[in-house]
2 protein chains.
Amino acid sequence: MSPHSRPIVIAIVEDHPIVIEGLRKILSRDLPVQEIVEHHTGAGFLRYLASNKQTLDVVLLDITLPDANGVELCAEIKRLSPGTVVLGFSNHSDRSLVLQLLSQGASGYLLKNATAAEIIQCITEALQGQISFSDQIKQIIAKPSANQLKPIPPLTKREKQVLRMIADEKTSTEISEELMVSPFTIETHRRNLMQKFGAKNVVGLIKIATELRLL
Amino acid sequence: MSPHSRPIVIAIVEDHPIVIEGLRKILSRDLPVQEIVEHHTGAGFLRYLASNKQTLDVVLLDITLPDANGVELCAEIKRLSPGTVVLGFSNHSDRSLVLQLLSQGASGYLLKNATAAEIIQCITEALQGQISFSDQIKQIIAKPSANQLKPIPPLTKREKQVLRMIADEKTSTEISEELMVSPFTIETHRRNLMQKFGAKNVVGLIKIATELRLL
DNA sequence: CAGAATCTAATGGAAAACCAGTAGAAAAAA
DNA sequence: TTTTTTCTACTGGTTTTCCATTAGATTCTG
């Protein structure tokens, strides 16, 4: 498993041609690579992986592919080929996303703005069995800054429904009529929502819900 | 001005090392380049431009730099060096953003997922004096989907300031105290803002402002 | 089935937002 | 220097949101 024991095989799963070119250059220059495989879709890569489990050492996995969810794809890769090292690779510096990916068996995470040195180091460390991150990600993991620490509060079905209607600029009365319940009920939902989100008023509610992509 | 009259000088203003590597490779392979300059910050590039207006043919400008607003940077570039062709280059496929950039003198716009061929074609066409886009952007420009058509209402300085404070969950009274004016004044600003945005209440205000990236 | 979670509803009151209009002072643009 | 825009401020409202708390009914789950 040592990175110098034999030339390594790397897969790039990524749909940005420029990024692929850049990675190819850096990897072939600074690592003892035997082969660099590239795939532009999750589905295509999984097909490839099925018949190449034995030989593939590392995957650089863009977690925002057009055809697949990165986290699920990672899980699938590790299920098919537990020996392959998966490194997340994306623009999103989302703490929870990184942790989700790790929980699915990834060995690390690189931001796309990482330097060549960071990428090489990350791959090398991951091949040695370590968990490894690019510098910015290290900071985000270590020091969870305010806006990244907030866990997604668990909302009930009704609350999600009401939240969406609030976001549609409806008043509590309008919502209550549409849902055929008392306006008091909606007021209660509204307050519970704000409490769960830690918002001071609707403005905070909408902002946070937007951030968490709940709308 | 013909692209084949002489080797061209290209600047890449971009902070992702991998993307820079990829671009360098593609550009030097497929275009008659004399020189590829790279800058990682808007400020640094402007300093370079000041003493190299004459020679610089094209700028590939990442509009999401850490230190600068892409649209304003574009305007500044065209002011300093009207002869330099500016091409926007980013992940954002925002119709209004593209149009804003064009209105500031840009000659085109490329998405980062563009192929090598698209990039080369775009640069070539732009050098010939045309406006040019990568394929996905062409579609977005041509077929403005509902949510991308709304024009940015012109806000006054004070209105922007108040809008930001509303988005910070502050009440009119709090804002009025902070700005040392009457709460009535803030109420008026608030109403004018909603009117300009065509919003029914603050919720709409915040949603639209978020969409338009005014926060 | 029993306990937990969710949805429902209410009281009663305070604060904030929203509405329509008016209008003077200050600053910016023509 | 006019003209226009922006910022300011007010009257006198109505509507809506926000707060604290309680509690029955229903639905889900161990």
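Chain A is the first sequence line, chain B the second, and so forth, proteins listed ahead of strands; every chain is numbered from 1.
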Query raised in the report: So, A/Gln161 versus A/Arg164: side-chain donor-acceptor pair below 3.5 Å or not?
Result: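 No pair is found: no donor N or O on one side chain lies under 3.5 Å from an acceptor on the other.
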
Length of the line joining [X]:[atom1] and [N]:[atom2], which is rounded to integer Å:
| X | N | atom1 | atom2 | value |
| --- | --- | --- | --- | --- |
| B/Lys196 | D/dT5 | NZ | P | 11 Å |
| A/Ile175 | D/dC18 | CD1 | P | 11 Å |
| A/His189 | C/dA5 | NE2 | P | 17 Å |
| A/Phe184 | D/dG24 | CZ | C1' | 16 Å |
| B/Arg158 | C/dA25 | CZ | C1' | 14 Å |
| B/Gln161 | D/dT6 | CD | C1' | 13 Å |
| B/Arg191 | D/dT14 | CZ | P | 16 Å |
| B/Leu193 | C/dC18 | CG | P | 11 Å |

Report task. Take B/Val181 and A/Lys200, find for each the nucleotide of DNA chain D with the closest heavy atom, and name the residue whose nucleotide sits nearer the 5' end. Result ->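 Mapping each residue to its closest nucleotide by heavy atoms, the 5'-most match is B/Val181.
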
**Report entry** Residue met sooner reading DNA chain D from 5', once A/Met194 and B/Leu155 are mapped to nucleotides
**Finding:**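 Result of the comparison: B/Leu155.
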
Query raised in the report: What does B/Ser182 touch in the nucleic acid at a heavy-atom separation under 4.0 angstrom: a base, only the sugar-phosphate, or nothing?
Result: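 Touches sugar-phosphate only.
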
Query raised in the report: What is the nucleic acid contact for A/Ser172, judged by heavy atoms within less than 4.0 Å: base, sugar-phosphate only, or nothing?
Result: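 Since only primed, P, OP1 and OP2 atoms lie under 4.0 Å of A/Ser172, the category is sugar-phosphate.
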
Query raised in the report: Quick one: which of A/Asn91, A/Asn113, A/Thr115 gives a side chain to side chain donor-acceptor pair (under 3.5 Å) with B/His16?
Result: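 Passing option: A/Asn91.
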
Query raised in the report: Quick one: are B/Ser90 and B/Asp62 in side-chain contact, heavy atoms under 4.5 Å?
Result: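 Yes. Closest side-chain heavy atoms under 4.5 Å.
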
Requested in this report: Evaluate the side-chain proximity of A/Met165 to A/Ile186: yes if any heavy-atom separation is below 4.5 Å, no if none is.
Outcome: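 A side-chain contact under 4.5 Å is absent here.
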
Query raised in the report: Can we say B/Glu21 and B/Arg24 salt-bridge, meaning some charged N sits less than 4.0 Å from an Asp/Glu carboxylate O?
Result: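 No.
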
Query raised in the report: Quick one: on DNA chain C, does B/Thr171 or B/Lys157 contact a more 5' nucleotide (nearest heavy atom)?
Result: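 Its nearest nucleotide being more 5', the pick is B/Thr171.
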
Query raised in the report: Given D/dA9, is OP1 or OP2 found less than 4.0 Å from the side-chain N or O atoms of B/Thr185?
Result: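 Yes, B/Thr185 has a side-chain N/O under 4.0 Å of OP1/OP2 on D/dA9.
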
